[in-house]
Amino acid sequence: MTDPQPMPEGDTAAVILAAGMGTRMRSAVPKVLHPLAGRPMIRHLIAALEELGLARIVVVVGPGMEAVAEAAAPHATALQAERLGTAHALMAAREALGEGFADVLVLFGDTPLVTPETLRRLLAARRARPRPALVVLGMRPEHPNEYGRLVTDRRGALTRIVEARDASARERRIGLCNSGAMAVDGARLFDLLVHIGNDNAKGEYYLTDLVAVARARGLRAAAIEGDAGELMGINGRADLAAAEAIVQARLRRAAMEGGASLADPQSVFLSFDTRLGRDVTVGPNVVFGPGVSVGEGATIHAFSHLAGAVVAPGAVVGPYARLRPGARIGAGTHIGNFVEIKNAEVEAGAKVNHLTYVGDARVGEGANVGAGTITCNYDGRAKHRTDIGAGAFIGSNVALVAPVSVGKDAVVGAGSVITKDVAPGALALARPEQVEVRGWAARRRPRKRAKRGRGRG
Ligand code: UD1
Ligand code: CA
């Protein structure tokens, strides 16, 4: 059963701020494109927003960040030509956003783990009486460090946000921090934004000042709290690794709730789109890259690496198997240790059990591919296909030089280099014939002894 469709938020829009350089990442790649569980962090955030059914999503990017705009598609982007701060970035979205939204969610591209549930809670707080002009999503991280602090009055109302580097020693002791996410009255947002200045430690237009600006105009501001892990901001590589750990923990839990057994969850790495069927068993140290689906009851043994592969129900893969994009592993097949499969169909019941490379190929139903078999698919210029018919038997250490086909039920002798098609039911041998010289060893012995004798002298 799928969850009931959430109510679409028809009069709500969202702006994601993603124009920052992400200098602390020390990367040639824009920060929001760094991946978590195999997809750019900004796509995680967009996926959460899409679940809300918002009327519009705008992503603010910086100059030269076409790749971010591409990742944001089909959603609109706005260009912040100069990076003068988070308030300035939001201002840049004005035109792309348009008018008439009751609520505008503002989110940071580097805070990608926020869930749709939390965002719904944020919107609900904005709409609840006494309808504050803005609601800030706060959190209490173990180490508040560089996060902005939420300053509240004696009655607990939010009065302002102070950035860590502008805060007094006393303010720095405040545990309630700014996650950066907020829900703002759409009718007032841009009228308030223009009042934000840049008289602060960084000389930037801080979005956080929106609270004080609203309060100065007699408007209400409120804060709600969310989970600090979910709301962490990613500034450097260590943050990225910490966020990855959080995403992985979520994915592992979801996989197990879906009926898969993970022998050692901590050592299994999943992608955002990994699909594991019921009663799938996954051994320790297995990596699922993007685009993998594993059918019911299949087993993925330890140290296997899968990406872009479809594994049918009941198949057994690994240990130490590598399934690359385009691998389609049929029902009840066995893919064994040190076997690499790429862009190939292994049909039901086939066995490829040891030390083999199958690329750009079909292995027919029930066929058996012996140890050390290689489909030689690349001639240095182009890739070619190998077709192995149903029920065929390929002996050990066979090179299948593509393009080539082995007919149904044919047998290829061990050690063969197959360059021509093999007819159905035939036996193909392509290896030097064995030479036997009777009595050779005995004739050789005396000479060996003589050699040794000389050595001793
Ligand atoms: C910001 C908040 C801080 C909060 C923290 C939460 C401000 C002034 N500070 O600090 O209170 O605790 O996030 O993680 O808002 N961006 C632009 N254009 C700019 C500057 C930034 O689009 O000119 C974007 C960045 O790409 C990023 C987001 O805004 O996605 C936040 O900017 P960042 O510089 O990371 O702010 P923090 O110092 O982390
Ligand atoms: Ca940040």
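Just follow the structure's listing: the first ligand is 1, and inside any ligand the first atom is 1.
R324 pairs by the side-chain contact (heavy atoms from CB on, under 4.5 Å) definition with R322, E340, K342, Y357, not counting sequence neighbours.
Ranking protein heavy atoms by distance to atom 4 (C) of ligand 1, first place goes to N178 O, 3.2 Å. For atom 14 (O) of ligand 1, the closest non-hydrogen atom on the protein side is Y147 CE2, 3.6 Å. The protein non-hydrogen atom at the shortest distance from atom 21 (C) of ligand 1 is T86 CG2, 3.7 Å. Scanning the protein for heavy atoms near atom 35 (O) of ligand 1, the closest one is D110 OD2, 3.0 Å. In terms of protein heavy-atom proximity, atom 37 (P) of ligand 1 is nearest to R24 NH2, 4.2 Å. In terms of protein heavy atoms, atom 30 (O) of ligand 1 is closest to L17 O, 2.9 Å. Looking at atom 1 (C) of ligand 1, its nearest protein heavy atom turns out to be F108 CE1, 3.5 Å.
Evaluated by nearest non-hydrogen atom to atom 10 (O) of ligand 1, the leading choice among E163, E146, R83 is E163. The option from G20, A87, G148 that lies nearest to atom 25 (C) of ligand 1, judged by heavy atoms, is G20.
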Item to check | Trace of the side-chain hydrogen bond (donor to acceptor under 3.5 Å, both in side chains) decision for H88 with E82 | outcome: CA-CA 9 Å; H88 183 262; E82 268 185 294; 5.7 Å; no
Next on the checklist: Applying side-chain contact (heavy atoms from CB on, under 4.5 Å) to D239 and D110, what does each step give before you reach the verdict?
Outcome noted: CA-CA 10 Å; D239 298 331; D110 68 353; over 6 Å; no
Checklist entry - Could you walk me through whether T12 and R127 pass the side-chain hydrogen bond (donor to acceptor under 3.5 Å, both in side chains) check? => result CA-CA 11 Å; T12 305; R127 288 162 192 165; 2.8 Å; yes
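The closest approach between any non-hydrogen atom of A18 and ligand 1 is below 4.0 Å. Residue-ligand proximity: V60 is placed with every non-hydrogen atom at 4.0 Å or more from ligand 1.
For the pair R278 and E296, the salt-bridge criterion is met [side-chain N within less than 4.0 Å of a carboxylate O].
When each of L97, D103, L105 is checked for a side-chain contact (heavy atoms from CB on, under 4.5 Å) with F101, only L97 meets the rule. For the pairing with T118, the side-chain contact (heavy atoms from CB on, under 4.5 Å) check across D227, I224, L123, L137 returns one residue only, L137. No option in V151, L134, V136 other than V136 meets the side-chain contact (heavy atoms from CB on, under 4.5 Å) test with L158.
Annotation: side chain of R237 is in contact with side chain of S27 (closest heavy-atom distance under 4.5 Å).
Of all atoms in ligand 1, listed by their number and element, those nearer than 4.0 Å to a heavy atom of A89 are 17 (C), 18 (N), 22 (O). The Q80 neighbourhood of ligand 1 comprises atoms 17 (C), 18 (N), 19 (C), 22 (O), 23 (O), with distances under 4.0 Å to a heavy atom of that residue. Listed by number with element, the atoms of ligand 1 under 4.0 Å from a non-hydrogen atom of N235 are 35 (O), 39 (O). Near G109, meaning under 4.0 Å from one of its heavy atoms, ligand 1 places the atoms 30 (O). Annotation for ligand 1: atoms under 4.0 Å from non-hydrogen atoms of A19 are 17 (C), 18 (N), 22 (O), 26 (O).
The distance criterion of under 3.5 Å between nitrogen or oxygen atoms is met by G85 with respect to ligand 1.
Rounded to the nearest 0.5 angstrom, E225 CD and S179 OG are separated by 11.0 Å.
Between F272 and H44, the ring planes are perpendicular. Angles over 60° get that label, and only those under 30° would be called parallel.
Contacts with ligand 1 closer than 4.0 Å are made by side-chain heavy atoms of K31 only, the backbone lying farther away. Only the backbone of S179 comes within 4.0 Å of ligand 1, counting heavy atoms alone; no side-chain atom from C-beta on gets that close. Neither the backbone nor the side chain of I161 comes within contact range of ligand 1; no heavy atom lies under 4.0 Å.
When all heavy atoms of V247 and A37 are compared, the closest pair comes out as CG1-CB, 3.5 Å.
Here N235 reaches the Ca ion (ligand 2): one of its N/O/S atoms is less than 3.0 Å from the metal.
Of all N/O/S atoms in D110, OD2 sits nearest the Ca ion (ligand 2).
Formation of a donor-acceptor pair under 3.5 Å by the T375 side chain with backbone atoms of G359 is found in this model.
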